[in-house]
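Since the structure is predicted, the reported quantities are computational estimates derived from the model, not experimental observations.
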Amino acid sequence: QVQLVESGGGLVQAGGSLGLSCAASGSIFSINDMSWYRQAPGKQRELVAGITRGGSTNYADSVKGRFTISRDNDKNTMYLQMNSLKPEDTAVYYCKAQMRVLGYLSRTYDYWGQGTQVTVSS
C-alpha cells in the first residue's frame, strides 16, 4: 500500500543540529497535512510541528524558533531541521501524514512511520 519512512535520527551533543526526513511512497493519490510527533520514555506522544499542503506551519512552543518544518510535494517528502538541540528533545520522532490512497479515494486516512531515535547528550 503506502509507506512512511523516517530517517536522520542519531546522537548529538546539546547545542548541535540534526535534520530529519520523512518519505512517503506507494499508491498515493494525494497528501494533505503532514506533521512530526515525538515521544520520550514515560511521556505522551506530542505534536512537534505541522505543515499543510500549501505550506502553512505551526510549532509547539517548546521548539518554536529552534525547529523548522518543510516539505517537498513533488518528492512526497517532509523535513524537520532541528537546531540548538537540548537534552529535553531526546525522543523517538514520528512522521504522520494525512493521505488519500488509490482504491480508497472517498476519504483521507492517517498514516504513521516507524519512528527515528533522536538522542541529545549534555
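- The shortest distance between side-chain heavy atoms of Lys96 and Tyr94 does not fall below 4.5 Å.
- Atom OH of Tyr104 has 12 or fewer heavy atoms from other residues, nucleotides or ligands within 6.0 Å.
- In terms of the side chain to side chain donor-acceptor pair (under 3.5 Å) criterion, residue partners of Asp89 (sequence neighbours excluded) are, by chain and number, Arg38, Arg66.
- Shown here are the ring pair (Phe, Tyr, Trp, His ring centres under 6.0 Å) partners of Phe67, two or more places apart in sequence or in another chain: there are none.
- Residues Gln98 and Tyr111 have side chains not in contact (no heavy-atom distance under 4.5 Å, counting atoms from C-beta outward).
- No side-chain donor-acceptor contact under 3.5 Å links Thr90 to the backbone of Thr119.
- For the atom pair OG of Ser121 and CG of Leu11, the computed distance is 5.0 Å after rounding to the nearest 0.5 Å.
- Side-chain contact between Ile31 and Asn73 is absent, with no heavy atoms from C-beta onward closer than 4.5 Å.
- The side-chain heavy atoms of Trp36 and Leu47, taken from C-beta on, include no pair separated by under 4.5 Å.
- When side chains are defined from C-beta on, Val120 does not count as touching Lys86, because their heavy atoms never get closer than 4.5 Å.
- A 4.5 Å side-chain heavy-atom check between Phe29 and Val101 finds every atom pair outside the cut-off.
- Using modelled atom types, no side-chain atom of Gln114 and backbone atom of Glu6 make a donor-acceptor pair closer than 3.5 Å.
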Apply side chain to side chain contact (heavy atoms under 4.5 Å, CB included) to the pair Met78 and Cys95, showing each step before the final yes or no.
-> CA-CA 8 Å; Met78 175 180 64; Cys95 171; 3.5 Å; yes
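- Residue Ser27 holds its OG atom at 15.0 Å from CZ of Arg100, rounded to the nearest 0.5 Å.
- Separation of atoms OG (Ser35) and CG (Asp110) is listed at 8.0 Å; rounding is to 0.5 Å.
- Other residues, nucleotides and ligands contribute at most 12 non-hydrogen atoms within 6.0 Å of the CD atom of Gln1.
- Summarising the geometry, atom CG belonging to Leu80 is positioned 11.0 Å from atom OG1 belonging to Thr116; distances are rounded to the nearest 0.5 Å.
- In the hydrophobic cluster analysis, where Ile, Leu, Val, Met, Phe, Trp and Tyr join through side-chain heavy atoms closer than 4.5 angstrom, Val118 is grouped apart from Tyr79.
- Placement of Val92 and Trp112 within a single hydrophobic cluster is found when ILVMFWY residues are connected by side-chain heavy-atom separations under 4.5 Å, directly or transitively.
- Tyr93 has its side chain out of reach of Tyr37: every pair of non-hydrogen atoms, C-beta onward, lies at least 4.5 Å apart.
- Side chains of Thr108 and Asn32: a donor-acceptor N/O pair is absent below 3.5 angstrom, by distance only.
- Hydrophobic clustering (side-chain heavy atoms under 4.5 Å, transitive across Ile, Leu, Val, Met, Phe, Trp, Tyr) groups Met99 together with Ile51.
- Hydrophobic clustering (ILVMFWY, side-chain heavy atoms < 4.5 Å, transitive): Tyr59 and Leu20 are in one cluster.
- With hydrophobic clusters built from ILVMFWY side chains whose heavy atoms lie under 4.5 angstrom apart, Ile69 shares a cluster with Leu18.
- Rounding to the nearest 0.5 angstrom, the gap separating the CE atom in Met34 from the CG atom in Leu4 is 6.0 Å.
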Worked verdict on Ser17 versus Asn83 for side-chain hydrogen bond (donor to acceptor under 3.5 Å, both in side chains) | CA-CA 4 Å; Ser17 298; Asn83 299 324; 2.9 Å; yes
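- Residues Arg53 and Arg71 meet the side-chain proximity criterion, which asks for heavy atoms closer than 4.5 Å.
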